[in-house]
Amino acid sequence: MEFALFCTKVNILILLLSLSAPYKFIQSPMDFGPLNLHQATKTASLDFGRILFNSPSAVLRPQSPQDISLLLSFLSASSFSRVTVAARGAGHSVHGQAQALDGIVIEMDSLPPSIEIHKKSEGEGELLSYADVSGGALWIELLRESLKLGLAPRSWTDYLYLTIGGTLSNGGISGQTFKHGPQISNVLQLEVVTGKGELVTCSPTTNTELFNAVLGGLGQFGIITKARILLQEAPEKVKWVRAFYDDFHTFTKDQEMLVSMPHLVDYVEGFIVLNEQSLHGSSIAFPAHMDFNPDFGTKASPKIYYCIEFAVHDYNMKGTNVEQVVEDVSRQMSYMPSCIYSVEVSYFDFLNRVRMEEMSLRGRGLWDVPHPWLNMFVPKSGITQFKDLLMDTISPDNFEGLILIYPLLRDKWGTNTSVVLPEAPRADRVMYVVGVLRSASPGSVHEIVRGHRRIAEAAGELVGAKQYLAHQPSPAKWRGHFGRRWDRFADRKSRFDPNCILSPGQGIFPRVY
Ligand code: FAD
């Protein structure tokens, strides 16, 4: 077996050399030039947020789950070691969640790429189509492979250059979540290396506690080395519709109507139209023929609009009259007169839509900039109050980015996973996700982060909102975030990672040694 090791600190080097005695290094660590070494730890200290830059002492590029198991077994057994370990997927966190200050980062993309598709054939009864995928694989890679057999996962994120293990450690949501649940509700089985170094296969029926702990578990309980993802038949094309509103209540009422029609509608999202940029600068171009020239008011008295996006899948073989479905659905909506348009795109282009925006932003030097993002789950009862709270802090004329708002249905989320949702009365089936996805300059980013913290805390107190992809400044705040779910989360930690080795970048549990 071989794995590459990049190490800057002598103590970790000695520790890993003793660990890896039976291994052959691809290159001896001593042979690495300063550039390689520096580059490996620099990459591992970077993420999409560009807010925190915690540098590890070593970077491990495992060639198999057994490499990860050996490392964690060794660390958990050595009473003198204070070393922490973070799995790093695509590094698309925004607050250093995949970083490990002075610890070891495991680059998950070095696991051999493995995507095996099992397509259900006629007569296989209850058996479902699924894919067995490496935890370090990207969702775009799974999409490409599964489409070759006319299949695709049911539940997505908006952006596909994220890893399977990374999104399953959080939730994984997008416009399909109202219909199929988050990505963590679409997993049949996982292979996990726990913080104790045990390589375990778990599912809803085997090693259930570990399975539930890891889903939405913020990397705290184990490293996902393989996942079995549910697949469905993929449509060929998608009819993608946008409709505009000038009234928030009408906007949310229509969104809620759309998510009550899962038999007709396949995707529902929405966003706040703050300025000309958010009207035109998105992945489906605003058609030139549409007569929509909104008045955005003045700096002192801005006027904002709202846009619903919904989509209907077009399966060539099924003979659905997609145009008719879109017409029937649209007729029931109350958007501003004539302010609706649609395009037909391939299913692949629809799912991969944010890549087009990425390319455009990269071209303008606007991708590799700080991203102080805030994502909140908000109970339906508090969504207007939350929107007002948020808008009080935003100047539409200089806001760079996007504010997403769309409804999710609570009963599509399992109650035993580690995800934290707002508490709500049983009857309150709908909740919202609000994503404040902003770009900032290095000079303004920390002020924006502080502002987001104030909004998150106020929204927690006022309407019981909870952060998604949460960032908390202290273990005590994490307790508050988990609320009544804290005891179960802490119990699971003591069971699967008792020395608190894993995912130090989340800042939930201090290392035990
Ligand atoms: P990383 O940032 O590398 O890791 C995230 C956390 O998971 C860390 O704590 C890490 O230690 C842990 N981890 C990573 N891999 C594993 C593993 N194999 N096993 C166990 N723990 C692991 N999220 C949504 O839900 N919906 C969206 O639509 C969406 N859109 C996004 C768009 C963009 C442009 C970006 C940058 C992010 C978006 N996200 C979205 C957020 C994204 O899902 C999370 O940031 C996710 O963690 C990113 O995956 P990653 O592979 O980059 O994980």
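When a ligand or atom number is given, it counts from 1 through the structure's own listing order.
- Protein heavy atom at the shortest distance from atom 8 (C) of ligand 1 is Q97 O, 3.4 Å.
- Under a 4.0 Å heavy-atom criterion, G222 is in contact with ligand 1.
- Within ligand 1, the atoms closer than 4.0 Å to a non-hydrogen atom of G91 are 1 (P), 2 (O), 3 (O), 52 (O), numbered from 1 in the order shown.
- Residues Y130 and Q189 have side chains that never bring a donor and an acceptor to within less than 3.5 angstrom of each other.
- None of F350, Y267, Y347 except one satisfies the ring-ring contact (aromatic ring centres under 6.0 Å, His included) rule with W240; the exception is F350.
- In summary, D368 and R362 engage in a salt bridge, as defined by a charged side-chain N under 4.0 Å from a carboxylate O.
- Side-chain contact annotation: Q255 with Y406, donor-acceptor N/O pair under 3.5 Å absent.
- For the ligand labelled ligand 1, residue G172 lies inside the 4.0 Å heavy-atom shell.
- Between V430 and L408, every side-chain heavy-atom pair lies at or beyond the 4.5 Å cut-off.
- Using a 4.5 Å cut-off on side-chain heavy atoms (C-beta onward), R50 and L46 make contact.
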Start with the C-alpha gap between R88 and E107, add the side-chain angles, then the distance that decides, and say whether salt bridge (Lys or Arg N to Asp or Glu O under 4.0 Å) holds.
CA-CA 5 Å; R88 183 172 185 274; E107 294 284 9; 3.3 Å; yes
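- Of all protein heavy atoms, the one lying nearest to atom 7 (O) of ligand 1 is S169 CB, 3.7 Å.
- Counting heavy atoms from C-beta outward, I173 and F377 have side chains that approach closer than 4.5 Å.
- Residue M108 has at least one heavy-atom neighbour below 4.0 Å for each of these atoms of ligand 1: 18 (N).
- Contacts between H92 and ligand 1, counted as non-hydrogen atom pairs separated by less than 4.0 Å, involve both the backbone and the side chain.
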Show your working on salt bridge (Lys or Arg N to Asp or Glu O under 4.0 Å) between D158 and R353 and close with a plain yes or no.
CA-CA 8 Å; D158 291 348; R353 59 199 177 275; 3.3 Å; yes
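- Panel note: side chain Q220, backbone F509; no donor-acceptor pair is recorded below 3.5 Å.
- I508 is listed as a side-chain neighbour of F489, based on a closest heavy-atom distance under 4.5 Å.
- Ligand 1 lies within reach of S503, whose nearest heavy atom is under 4.0 Å from it.
- In this structure, the side chains of E309 and R242 come closer than 4.5 Å at one or more pairs of heavy atoms.
- Heavy-atom proximity to T167, at under 4.0 Å, picks out these atoms of ligand 1: 43 (O).
- Side chain of S69 to backbone of V193: no donor-acceptor contact under 3.5 angstrom is found.
- Looking at S174 and E269, their side chains do bring a donor and an acceptor atom within 3.5 Å of each other.
- Which of V433, T157, D158, I68 comes nearest to atom 23 (N) of ligand 1 through a heavy atom is settled by distance: it is T157.
- Of the heavy atoms in Q506, only side-chain atoms (C-beta onward) come closer than 4.0 Å to ligand 1.
- Residue contact check for ligand 1: Y468 places a non-hydrogen atom closer than 4.0 Å to it.
- In terms of protein heavy-atom proximity, atom 11 (O) of ligand 1 is closest to A87 O, 2.7 Å.
- Residue-ligand proximity, G219 to ligand 1, at heavy-atom distances under 4.0 Å covers atoms 21 (N).
- The proximity of L469 to ligand 1, defined as any non-hydrogen pair under 4.0 Å, is limited to the side chain.
- Checking only distances, G89 does come within under 3.5 Å of ligand 1, N or O to N or O.
- Of the candidates S93, A44, S134, the one placing a heavy atom closest to atom 1 (P) of ligand 1 is S93.
- Nearest-residue assignment for atom 46 (C) of ligand 1 (options L162, L111, N170, V85; heavy-atom criterion): N170.
- Ligand 1 has no nitrogen or oxygen under 3.5 angstrom from a nitrogen or oxygen of S174.
- Inter-residue side-chain proximity for L215 and L190 is flagged as met; some heavy-atom pair is nearer than 4.5 Å.
- Looking only at side-chain heavy atoms (C-beta outward), I164 and W139 come within less than 4.5 Å of each other.
- Every N/O-N/O distance between R88 and ligand 1 stays at or above 3.5 Å.
- A heavy-atom separation below 4.0 Å is not found between G505 and ligand 1.
- Closest protein heavy atom to atom 31 (C) of ligand 1: Y159 CB, 4.0 Å.
- With contacts defined as side-chain heavy-atom distances shorter than 4.5 Å, the pair P498/K196 qualifies.
- The residue Y161 has no part lying near ligand 1, judged by heavy-atom distances below 4.0 Å.
- I224 N, 2.8 Å is the protein heavy atom nearest to atom 19 (N) of ligand 1.
- Under 4.0 Å from ligand 1, heavy atoms of A90 appear from its side chain as well as its backbone.
- For atom 51 (O) of ligand 1, the nearest non-hydrogen atom of the protein is T163 OG1, 2.6 Å.
- In this structure, W156 falls outside the shell of residues with a heavy atom less than 4.0 angstrom from ligand 1.
- Residue contacts with ligand 1, taken as heavy atom pairs separated by less than 4.0 Å, involve I173 via backbone and side-chain atoms alike.
- S155 contributes no side-chain N or O that, together with a main-chain N or O of T177, makes up a donor-acceptor pair within less than 3.5 Å.
- The shortest N or O to N or O distance between G171 and ligand 1 is not below 3.5 Å.
- Nearest non-hydrogen protein atom to atom 53 (O) of ligand 1 is G166 CA, 3.6 Å.
- At a 4.0 Å cut-off, not a single heavy atom of D47 sits close enough to ligand 1 to count as contact.
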